[in-house]
Amino acid sequence: MLPGASPDPLSTADSSIERDRRFMALAQRAAEEARRAGEVPVGAVIVLGDEIIATGFNHPIRGHDPSAHAEMAALRAAAQKLENYRLPGCELYVTLEPCLMCAGAIMHARIARVVYGAADPKTGACGSVVDMFANGQLNHHTTVTGGVLADECAHALKNFFAERRRLARDERDARRARETGRSAAADSSDHTDHTTNPTTTS
């Protein structure tokens, strides 16, 4: 760029998009950790400037904790690292649109910006079901960008639930097969008893 020239807005926008995609890809890695643990694959990273200060992944089942969403785990880790329950200037990247619980915690932490991947039509609090961040009565306003690597994030979730349904179906079929086998064995045993010990009458 020539001295004194204004930055190209298209170039700046492209750079911002690539930055968002890069950090979302790291959130996807965290989501993969959740999948390996048998949890719904949602991951989050918190960024300050260009430094990742915390990561988190969904683990409510393993943690016996209904609040252990990816965002909550990342917020806790970031607060511990910065030794501050407020996280001004930080951005949170998460693979799935935050729910109401996470949206509330994000606002309390004073997160500057939320970037999410896939929309959540059941519990999304960034516009899919409700839009917490658009409420002008709240005393902190977080900017929101949605749809970053949305297809990839949604695909990971769909694959997880499809696999879980397949495993449940296989387990159900195996249980039915065992029950059928036991029933057949019992019938065979009854038939053998009647054959070897015929009832006689005089």
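When a residue number appears, it is its place in the shown sequence, counting from 1. This structure is a prediction, so every number in the text was calculated from the model and none was measured.
Contact detail for A37 and R62: the closest heavy-atom pair is CB-NH1, 4.1 Å. C153 and A118 make their closest contact through CB-N, 3.9 Å (heavy atoms, listed as atom of the first residue, atom of the second, distance). Across all non-hydrogen atoms, the minimal contact from A30 to G56 is CB-O, 3.6 Å. Closest non-hydrogen pair, A68 versus P60, comes out as O-CD, 3.5 Å. Scanning all heavy atoms of the two residues, the minimum distance from D120 to V129 falls at O-CG2, 4.1 Å.
Proximity of L157 to V42: side-chain heavy atoms (C-beta onward) are separated by under 4.5 Å at one or more points. By the 4.5 Å heavy-atom criterion applied to side chains, R22 and D50 are counted as neighbours.
Note on V47 and I17: separate hydrophobic clusters, where clusters join Ile, Leu, Val, Met, Phe, Trp and Tyr whose side-chain heavy atoms are under 4.5 Å apart, directly or indirectly. Cluster membership check: V144 shares its hydrophobic cluster with I46, using side-chain heavy-atom separations under 4.5 Å among Ile, Leu, Val, Met, Phe, Trp and Tyr. Grouping the Ile, Leu, Val, Met, Phe, Trp and Tyr side chains by contacts below 4.5 angstrom, directly or via other members, places L87 with M132. Under the 4.5 Å side-chain heavy-atom criterion for grouping Ile, Leu, Val, Met, Phe, Trp and Tyr, L26 is not connected to Y116 through any hydrophobic cluster. Cluster annotation: I53 and V114 are assigned to the same hydrophobic cluster (Ile/Leu/Val/Met/Phe/Trp/Tyr, side-chain heavy-atom contacts under 4.5 Å, transitive).
A search for salt bridge (charged side-chain N to carboxylate O under 4.0 Å, His left out) contacts involving E91 returns R19, R113, not counting sequence neighbours.
Within the structure, ring pair (Phe, Tyr, Trp, His ring centres under 6.0 Å) contacts touching residues 22-71 (residues at least two apart or in different chains) are F23-Y93, F57-H59. Listed by first and then second residue, the ring pair (Phe, Tyr, Trp, His ring centres under 6.0 Å) pairs involving residues 121-180 amount to none (not counting sequence neighbours). Sequence neighbours left out, the pairs with a member in residues 30-41 that pass side-chain hydrogen bond (donor to acceptor under 3.5 Å, both in side chains) are E32-R35.
Rounded to the nearest 0.5 Å, atoms CG (N135) and CE (M107) are 7.5 Å apart. Put simply, OG1 on T142 and CD1 on I106 are 7.0 Å apart, with the number rounded to the nearest 0.5 Å. Summarising the geometry, atom CZ belonging to R21 is positioned 9.0 Å from atom CD belonging to Q28; distances are rounded to the nearest 0.5 Å. Taking CD of E71 as the start and CG of N58 as the end, the distance is 8.0 Å to the nearest 0.5 Å. Residue L100 holds its CG atom at 9.5 Å from SG of C126, rounded to the nearest 0.5 Å. Here the CG-OG1 distance, from L96 to T123, works out to 6.5 Å after rounding to the nearest 0.5 Å.
Taking a 4.5 Å side-chain heavy-atom cut-off between Ile, Leu, Val, Met, Phe, Trp and Tyr, the cluster of I61 contains only that residue.
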Tabulate below the donor-acceptor pairs under 3.5 Å that side-chain atoms of residues 72-85 make, not counting sequence neighbours, or state none.
| unit_1 | atom_1 | unit_2 | atom_2 | d |
| --- | --- | --- | --- | --- |
| R76 | NH2 | S67 | OG | 3.0 |
| N84 | OD1 | R86 | N | 2.9 |

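At least one donor-acceptor pair closer than 3.5 Å links the side chain of T95 to the backbone N or O of G43.
In the displayed structure, R29 atom CZ is contacted under 6.0 Å by at most 12 heavy atoms of other residues, nucleotides or ligands.
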